[in-house]
Participant: 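Please see the structure below; I have some questions.
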Amino acid sequence: MAAAREGGITAVAVEDWVRSRLPAQWLDAVAAGDGPIDPAVAYPEAARVFHAALCERGWAVPDWPREFGGAGLDHRDAATVAAVLARYRCDLPGPYFVSRTLIGPTIMQWGSAEQHERYLPGIAGGRDIWCQLFSEPGAGSDLASLSTRARRDGEGWVVHGQKVWSSFANLAGYGMLLARTDPDVPKHAGITCFLLDMSAPGVTVRPLRQLTGTEHFCEVFLDGVVVPDAARLGPAEEGWRVALSTLGAERSGLSGDSEAGGVALGPVLARARRSGAWREPGARDRLTDLLVLERALEWTNRRAGVAGAGMSGAAAGSITKLAQSELSQRIAELDFELAGPGAAYTETGELTPAAHGLLDSRRLTIAGGTSEIQRNIIAERVLGLDRELDPDRGQPWSRTRRG
Ligand SMILES: Cc1cc2nc3c(=O)[nH]c(=O)nc-3n(C[C@H](O)[C@H](O)[C@H](O)COP(=O)(O)OP(=O)(O)OC[C@H]3O[C@@H](n4cnc5c(N)ncnc54)[C@H](O)[C@@H]3O)c2cc1C
């Protein structure tokens, strides 16, 4: 929790605001450390009213400028708000993560004044859900090798291709799309970014069933989709630079206290105290270990957000994303173990919260760039080791080997 400072926002003030707007059962569940609360499911009406107030106040995107629907807070104050919302599990639900953490900041950085005005208030106001149309069946870790093509056609572009693992594409009104616009230059140089209307003719979305039984991400097929040039984000053929902004924001976003970012230890500790598991020395040792790591990560995240603190931008996100995702998996594993054999089975076949948490945590070391890729980035940019060998480096994309 950020320390209060003169003129700054205090956690107590945010907490008072939050507590006065959440129903008593919600507060009780948080205090008891009950499993993950999905507000939209557990208390849908209360969640709707709360989230409307949150957006109205600008706290859905606390560090965005007021003109775009944010609260104009600096990094520390915004972190204070985010930490309280995470503690009370009352931030905007998962589908908004992509919109406000990845897409909004990228539009802010690269968009025209018209694009700012058109797209940002809908994100800040919790009205528009976006998806990130980057990964393809043959381009994940090596994203720059993507094959979806956009060809110039008069005033616009025509897009053909396929995307995959697109989170919330089945709920999204818009997508941020990367497409190859020049195949005859090296792979990073021939990509352009577009802001796609998901209701355009030729867009087909198919949800994919995940390990937990939920359908959180999708395949997206693009078959002759016409995109106006006004929906291009940034200059043509500069899409890789635009994508780097999004990927950097994603890594930092997946490092924080947000629901998308990981598994918090607090509720696990509360459950261990309640069940008596805390009294067992082995369990207590492991819980203490994780608590120390969680605190260290919290402070590292804070350092990463403070300019001049000695952690450089892109690599800082890789360090904290790697640490957060691997720590989260350890917390989820311990939670499942402490819940005992009953956590593995139910008469109805539904997953218990601990089993759901365990299975769900597997995604964290893949989404937003796998742990291996984060280690590569850290090796090259922090430790200064040699770059990975790439036999296709400098070759036009059309002459490279692709998976
Ligand atoms: C929950 C979830 C949500 C996602 N949401 C989105 C989304 O909204 N939009 C989107 O565009 N994508 C999304 N993704 C896709 C995600 O970005 C990719 O899954 C990820 O980048 C890995 O790509 P891949 O799945 O193609 O695996 P691959 O790149 O095929 O990798 C397979 C394995 O090889 C390893 N590997 C690959 N290259 C190297 C290397 N150079 N050095 C060492 N090891 C390597 C990887 O670490 C991995 O273990 C999501 C993924 C998940 C799990």
Side-chain angles (χ1 to χ4, degrees), residues 94-103 106 129-148 161-172 174-179 187 191 193-194 196 198 205-222 239-240 242-251 253-254 258-263 317-318 321-322 324-326 328-329 332 356-357 359-381 385-393 401-403:
Y96 293 94
F97 172 77
V98 172
S99 321
R100 65 205 177 116
T101 312
L102 281 59
I103 310 289
T106 311
I129 294 177
W130 284 68
C131 61
Q132 178 199 29
L133 301 170
F134 284 14
S135 304
E136 299 183 359
S141 299
D142 184 14
L143 179 60
S145 68
L146 58 89
S147 307
T148 291
Q162 186 197 336
K163 298 290 171 174
V164 73
W165 319 128
S166 318
S167 300
F168 313 116
N170 49 340
L171 306 175
Y174 299 98
M176 180 175 281
L177 169 76
L178 290 183
K187 60 185 177 184
I191 296 171
C193 184
F194 299 96
L196 180 73
M198 294 294 283
V205 178
R206 286 199 205 136
L208 292 164
R209 177 71 50 92
Q210 288 162 250
L211 195 59
T212 52
T214 52
E215 293 174 346
H216 150 136
F217 51 35
C218 307
E219 294 177 297
V220 177
F221 298 88
L222 304 158
W240 184 249
V242 178
L244 288 181
S245 307
T246 317
L247 296 173
E250 183 169 20
R251 284 196 287 267
L254 290 171
S258 74
E259 201 176 316
V263 184
S318 289
K321 195 267 169 181
L322 175 66
Q324 170 80 67
S325 55
E326 300 201 342
S328 288
Q329 289 182 346
H356 185 280
L359 296 182
D360 189 52
S361 70
R362 306 318 301 169
R363 70 184 161 91
L364 297 170
T365 46
I366 304 172
T370 65
S371 286
E372 290 77 15
I373 294 303
Q374 306 311 333
R375 288 193 168 88
N376 283 351
I377 295 172
I378 295 165
E380 288 173 18
R381 299 196 200 154
L385 302 186
D386 288 346
R387 289 183 71 140
E388 249 190 298
L389 278 179
D390 178 1
D392 292 324
R393 194 180 301 281
R401 292 162 304 157
R402 293 182 295 280

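In each ligand, atom 1 is the first atom listed, and ligand 1 is the first ligand listed.
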Participant: Please tell me if atom 6 (C) of ligand 1 is touched by the protein, where touching means a protein heavy-atom distance below 4.0 Å.
Facilitator: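 Yes, at least one protein heavy atom sits under 4.0 Å from atom 6 (C) of ligand 1.
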
Participant: Can you find an N or O of S166 that's nearer than 3.5 Å to an N or O of ligand 1?
Facilitator: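 In fact, backbone or side chain, S166 has no N or O that close.
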
Participant: Has ligand 1 got any nitrogen or oxygen that is less than 3.5 angstrom from a nitrogen or oxygen of D142?
Facilitator: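 Between D142 and ligand 1 (N or O atoms, distance only) the closest approach is not under 3.5 Å.
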
Participant: Considering non-hydrogen atoms of the protein only, which is the closest contact for atom 11 (O) of ligand 1, and what is the distance?
Facilitator: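 Residue, atom and distance for the closest contact: S135 N, 2.7 Å.
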
Participant: Any nitrogen or oxygen of A367, side chain or backbone, less than 3.5 Å from one on ligand 1?
Facilitator: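 There is no such contact.
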
Participant: Once you restrict to heavy atoms under 4.0 Å, what part of F168 touches ligand 1? Side chain, backbone, both or neither.
Facilitator: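 Neither; nothing of F168 gets under 4.0 Å from ligand 1.
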
Participant: Check each heavy atom of Q210 against ligand 1 and say whether those closer than 4.0 Å belong to the side chain, the backbone, both or neither.
Facilitator: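 It is neither part, as no heavy atom is under 4.0 Å.
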
Participant: By number and element, which atoms of ligand 1 are closer than 4.0 Å to a non-hydrogen atom of I373?
Facilitator: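 The list of qualifying atoms is 38 (N), 39 (C), 40 (C), 41 (N).
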
Participant: My understanding is that only residues two or more places apart in sequence, or in another chain, count here; which of them pass salt bridge (Lys or Arg N to Asp or Glu O under 4.0 Å) with R206?
Facilitator: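 Applying salt bridge (Lys or Arg N to Asp or Glu O under 4.0 Å) to R206 gives none.
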
Participant: Considering only the protein, which heavy-atom contact is closest to atom 46 (C) of ligand 1, and what is its distance?
Facilitator: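 Of the protein heavy atoms, T370 OG1, 3.6 Å lies nearest.
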
Participant: Number the atoms of ligand 1 from 1 as they appear, then name those within less than 4.0 Å of a heavy atom of I366, with their elements.
Facilitator: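 Close to I366: 19 (O), 20 (C), 53 (C).
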
Participant: To the nearest 0.1 Å, how far is atom 38 (N) of ligand 1 from its closest protein heavy atom, and which atom is that?
Facilitator: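 Checking every protein heavy atom, the shortest distance to atom 38 (N) of ligand 1 gives S141 CB, 3.7 Å.
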
Participant: Is atom 29 (O) of ligand 1 near the protein, in the sense that some protein heavy atom lies at less than 4.0 Å from it?
Facilitator: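 Protein heavy atoms within 4.0 Å of atom 29 (O) of ligand 1 - there is at least one.
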
Participant: I'd like to check atom 34 (O) of ligand 1 in this structure: does the protein have a heavy atom lying under 4.0 Å from it?
Facilitator: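 It does not: no protein heavy atom is found less than 4.0 Å away from atom 34 (O) of ligand 1.
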
Participant: Can you check atom 43 (C) of ligand 1: any protein non-hydrogen atom closer than 4.0 Å?
Facilitator: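 Given the 4.0 Å cut-off, atom 43 (C) of ligand 1 counts as touching protein heavy atoms.
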
Participant: Just verifying a value: how many Å separate E219 CD and N170 CG, rounded to the nearest 0.5 Å?
Facilitator: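 With rounding to 0.5 Å, CD (E219) is 12.0 Å from CG (N170).
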
Participant: Between ligand 1 and V98, can you find any atom pair, the residue atom being a heavy atom, that is separated by under 4.0 Å?
Facilitator: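 Checking ligand 1 against V98, which is what was asked, there is no heavy-atom contact under 4.0 Å.
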
Participant: Any nitrogen or oxygen of E388 lying under 3.5 Å from a nitrogen or oxygen in ligand 1? Just yes or no.
Facilitator: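 Yes; the residue has a nitrogen or oxygen that sits under 3.5 Å from a nitrogen or oxygen of the ligand.
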
Participant: Should the ring pair Y174 and W130 be called parallel, tilted or perpendicular, given that the plane angle runs from 0 to 90° and is split at 30 and 60?
Facilitator: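 Aromatic pair Y174/W130 classed parallel.
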
Participant: What I want to know is whether R363 and ligand 1 share at least one N or O pair that is separated by under 3.5 angstrom.
Facilitator: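 No, since none of the N or O atoms of R363 sits under 3.5 Å from an N or O of ligand 1.
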
Participant: State whether the shortest distance between N or O atoms of W165 and N or O atoms of ligand 1 falls below 3.5 angstrom.
Facilitator: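 Yes - when backbone and side-chain N and O of W165 are compared with those of ligand 1, one distance drops under 3.5 Å.
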
